[in-house]
Amino acid sequence: MNWNTAQKHRITAQLNHLLEKSISLREVIFLLAALLCLFPIISPPLALLIGIITVQFIGNPFLKLNHKATHILLQASVVGLGFSLNFSEALQAGASGFSFSIFSIAGTLLLGFILMKVLKIEKTTGYLIVIGTAICGGSAIAAVSPAIKAKENQISVALSNVFILNAAALFIFPFIGNTLSLSQQQFGMWSAIAIHDTSSVVGAAAKYGAEALEIATTVKLARALWIIPVTIISAIVFKSDKKKIKLPYFILLFIVAVIINSYSPWVQQYHNHIISISKTGFTLTLFLIGSSLSKKVLQQVGMRPLLMGTILWVTISATTLAAII
């Protein structure tokens, strides 16, 4: 009996040791995949694909840290990209995209509320999907969620919806742009308005060209400022505590970076290095986003919320493209 007990303990210890090894191996493979995305030969769409493939086979051993790391890395990369822009040119690009932003946001909100009724989508989840599509994806959802007291599962469904469609946009948009021979300016404007998240906007525009990237980044961040009034209105409509509103302070830092780059010759000497680091940061961000799209996440989205998000996205993409062309 004692011998059997001792044998069981030995077997259990060996299994635990093997399990620890397998977990360590998962971590090593994940980190190696992340490091691979730091090399210039890895494009943003490829980094996203590597993240998606990695999580399907080994999961994400750093899942608890993934969202926070993505959030910080994205914002730091956006601010760094500000050092590639001239203030007057950025102001002009932001102004040219202002009218597009107003009409697209209003149209998306209206269509979204109609689809919520038709498809019978739960109110809070549907609202987050609409806001994410109308403004700037995950950033808008993160800002509005506490203001309307959204639950974790509602936030998760909305974010997953946005990330899935962002992943598709990263591959589809450059293909359509090249097929239709869109100019750098046209593609930059289109991607800034029709793609949800800043990371995917930058990824798609960077693949298309430097001018497209400059226009897309500026217009997208100008559009993201709509988070502030929309979050305040959301808090009032849902009768929530307005003190919970999260403002996108990183956009202000982006503007500061643009101003410094425009009027400081000393910084301009190093801006190529800063831009290179920022682009690498975006590529790594897309890997982390891809590594969050596990089978479980894809399954929990549900057909109706995904259908709603897809209809909204296709509609805003098609109408914006028609207006730009």
Side-chain angles (χ1 to χ4, degrees), residues 10-77 132 137-139 141-142 152-174 195-204 206-207 277-303 305-306 309-310:
R10 275 200 307 273
I11 292 170
T12 303
Q14 288 174 354
L15 287 172
N16 287 336
H17 182 63
L18 287 171
L19 183 60
E20 288 173 3
K21 273 192 172 182
S22 67
I23 290 172
S24 298
L25 183 60
R26 287 172 61 225
E27 291 174 351
V28 169
I29 292 172
F30 187 89
L31 291 173
L32 285 174
L35 287 172
L36 180 64
C37 296
L38 299 179
F39 288 90
I41 59 170
I42 303 298
S43 65
L46 184 55
L48 180 75
L49 187 60
I50 292 171
I52 293 172
I53 292 171
T54 301
V55 77
Q56 305 311 317
F57 285 97
I58 66 163
N60 187 336
F62 305 103
L63 195 57
K64 291 182 180 179
L65 299 173
N66 202 81
H67 178 69
K68 189 171 184 180
T70 302
H71 183 70
I72 294 171
L73 190 58
L74 172 61
Q75 294 190 351
S77 299
S139 299
I141 292 170
E152 188 175 342
N153 66 313
Q154 295 167 330
I155 299 170
S156 180
V157 169
L159 284 173
S160 301
N161 196 306
V162 164
F163 287 155
I164 290 168
L165 296 176
N166 272 333
L170 207 53
F171 296 96
I172 294 171
F173 270 59
I195 301 178
H196 308 73
D197 224 50
T198 305
S199 56
S200 292
V201 170
V202 171
K207 188 177 180 182
I277 293 170
S278 298
K279 287 181 179 179
T280 302
F282 275 113
T283 303
L284 186 57
T285 299
L286 286 164
F287 167 80
L288 294 176
I289 290 173
S291 68
S292 69
L293 296 176
S294 63
K295 292 176 184 176
K296 183 180 178 181
V297 169
L298 297 175
Q299 288 170 353
Q300 75 180 11
V301 174
M303 285 305 298
L306 185 58
T310 303

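Hydrogens, waters and symmetry mates play no part in the numbers below; they use all other heavy atoms, side chains included.
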Quick one: pull up [atom1] in [X] and [atom2] in [Y] and give me the separation to the nearest 0.5 Å.
X    : Y    : atom1 : atom2 : answer
L165 : T310 : CG    : OG1   : 4.5 Å
T283 : F39  : OG1   : CZ    : 13.0 Å
E27  : I58  : CD    : CD1   : 9.5 Å
I164 : I289 : CD1   : CD1   : 12.5 Å
I72  : H67  : CD1   : NE2   : 10.0 Å
N161 : I141 : CG    : CD1   : 8.0 Å

Where do [X] and [Y] come nearest, in terms of heavy atoms and distance?
X    : Y    : value
V157 : P305 : CG1-CB, 4.1 Å
A167 : I52  : CB-CD1, 4.5 Å
V162 : G137 : CG1-CA, 3.8 Å
C37  : A47  : SG-CB, 3.8 Å
S294 : Q56  : CA-NE2, 4.0 Å
T54  : A33  : OG1-CB, 3.8 Å

Which residues pass the side chain to side chain donor-acceptor pair (under 3.5 Å) test with S291, sequence neighbours left out?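 Here the qualifying residues are N60, N66.
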Side chain to side chain donor-acceptor pair (under 3.5 Å) partners for S199, two or more places apart: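 S199 satisfies side chain to side chain donor-acceptor pair (under 3.5 Å) with D197 only.
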Quick check: do [X] and [Y] have side-chain heavy atoms less than 4.5 Å from each other?
X    : Y    : result
F57  : I29  : no
L288 : F62  : no
I50  : L46  : yes
L286 : S200 : yes

Take T198 and V202, measure what side chain to side chain contact (heavy atoms under 4.5 Å, CB included) needs, and give me the verdict at the end. CA-CA 6 Å; T198 305; V202 171; 4.3 Å; yes
Before giving the answer on side chain to side chain contact (heavy atoms under 4.5 Å, CB included), spell out for F287 and I42 the whole-Å C-alpha distance, their side-chain angles and the decisive distance to 0.1 Å. CA-CA 10 Å; F287 167 80; I42 303 298; over 6 Å; no
